[in-house]
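Below you'll find the structure, written out as structure tokens, and then a few comments.
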Amino acid sequence: MNIHTFANQQELNEAGAGIIIGLIQTKPDAVLGLATGGTPVGIYEELVKSYNKGRVSFKSVTSFNLDEYVGLPEDHQESYHTYMKHHLFAHIDLPAEQIHIPDGNAADAEEECNRYNREIEKAKQIDLQILGLGHNGHIGFNEPDQSLVSGTHLVELQPETREANARFFDSIDDVPTQALTMGVGTILKAKTILLIVRGADKAEIVHRALTGPITTELPASLLQTHPNLVVLLDAEAGRLFV
Ligand code: PGA
């Protein structure tokens, strides 16, 4: 495990984007696993800047997003489809047919999860999976539980997760109660995992996830088993790693 702590957000963003760009430069048809939420926004901004300067092209890249809310219209301003367009896809040359995000409005959620799993299998392996971390230790929307599901599946969001995401909605009642998420098994199959954590409010959970017991009650703790985990922390989130 490689843990890097950064004094400011800009340095973290440039380091994160640098890892992604370095991969695409050596492997133009790289398969990226992408995350949403507040955490990766600055990294996506750096990717767009580099694209605009002609330093990277995404035309042969394939992407798979981790998750999507169930029941939000695809064009809702808080859907992860909209998030990805707004922060990244509208600004780069990644072809639409190479973009994959679970369909949270599929009539048959189970069939949609199976379809998504098949698409990931067709791509062989995710080269680099970007992850944020939930305050309860979730990765993707894999919430703490007595057992975890390996592949893409339907989840009930925990109250804590809905509260954390309520800041993006008018009220907590508007936050969906369910989501489709890639499973931890799929996440762990990625060749490299890039975990990004920011903020004092996540210092304790990221420390526990990476140094404490491995347990499904803290899904991110399973990342300790991954042979190629890179962790980028801001100074506040990295406070306990001294
Ligand atoms: P955040 O969410 O990036 O909005 O803090 C992270 C997560 O819940 O995985």
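Order of appearance sets the numbers: ligands from 1, and atoms from 1 within every ligand.
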Is there a polar contact, in the sense of an N or O pair closer than 3.5 Å, between [X] and ligand 1?
{"X": "Thr36", "value": "no"}
{"X": "Asn165", "value": "no"}
{"X": "Gly140", "value": "no"}

- Identify the protein heavy atom lying closest to atom 3 (O) of ligand 1, giving its residue, its atom name and the separation to 0.1 Å.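 Nearest neighbour among protein heavy atoms for atom 3 (O) of ligand 1, to 0.1 Å: Thr39 OG1, 2.5 Å.
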- Among all protein heavy atoms, pick the one closest to atom 6 (C) of ligand 1 and tell me residue, atom and distance. Leu133 O, 3.5 Å
- Query: Can you name the one residue among Thr216, Ile205, Thr215 that meets side chain to side chain contact (heavy atoms under 4.5 Å, CB included) with Ser221?
  - Reply: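 Only one option passes, and that is Thr215.
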[X] heavy atoms, cut-off 4.0 Å: which ligand 1 atoms fall inside?
{"X": "Gly37", "answer": "3 (O), 4 (O)"}
{"X": "Gly38", "answer": "1 (P), 3 (O), 4 (O)"}
{"X": "Gly134", "answer": "7 (C), 8 (O), 9 (O)"}

- Query: Does Asp173 offer a backbone N or O that forms a donor-acceptor pair with the side chain of Ser171 under 3.5 Å?
  - Reply: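 Looks like yes, one N/O pair under 3.5 Å.
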- Message: Tell me if a side-chain donor or acceptor on Tyr116 pairs with a main-chain N or O of His100 at a distance below 3.5 Å.
- Response: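 The answer is yes, because a donor-acceptor pair under 3.5 Å joins these two groups.
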- Query: Can you tell me how far the CG atom of Leu229 sits from the CG atom of Leu194, to the nearest 0.5 Å?
  - Reply: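 The distance works out to 8.5 Å.
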- Message: Check for me whether Glu160 has a heavy atom closer than 4.0 Å to any atom of ligand 1.
- Response: no
- Query: After noting the C-alpha distance and the side-chain angles of His207 and Phe241, does the key distance pass the ring-ring contact (aromatic ring centres under 6.0 Å, His included) rule?
  - Reply: CA-CA 7 Å; His207 188 257; Phe241 287 89; 4.9 Å; yes
- Query: Does the pair Glu45/Lys49 count as a salt bridge with the N-to-O cut at 4.0 Å?
  - Reply: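 No salt bridge links Glu45 with Lys49.
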- Task: Tell me which one of Lys202, His135, His138 gets a heavy atom nearest to atom 5 (O) of ligand 1.
- Result: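 The residue whose heavy atom sits nearest atom 5 (O) of ligand 1 is Lys202.
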- Shared hydrophobic cluster for Ile139 and Ile193 (ILVMFWY, side-chain gaps under 4.5 Å): yes
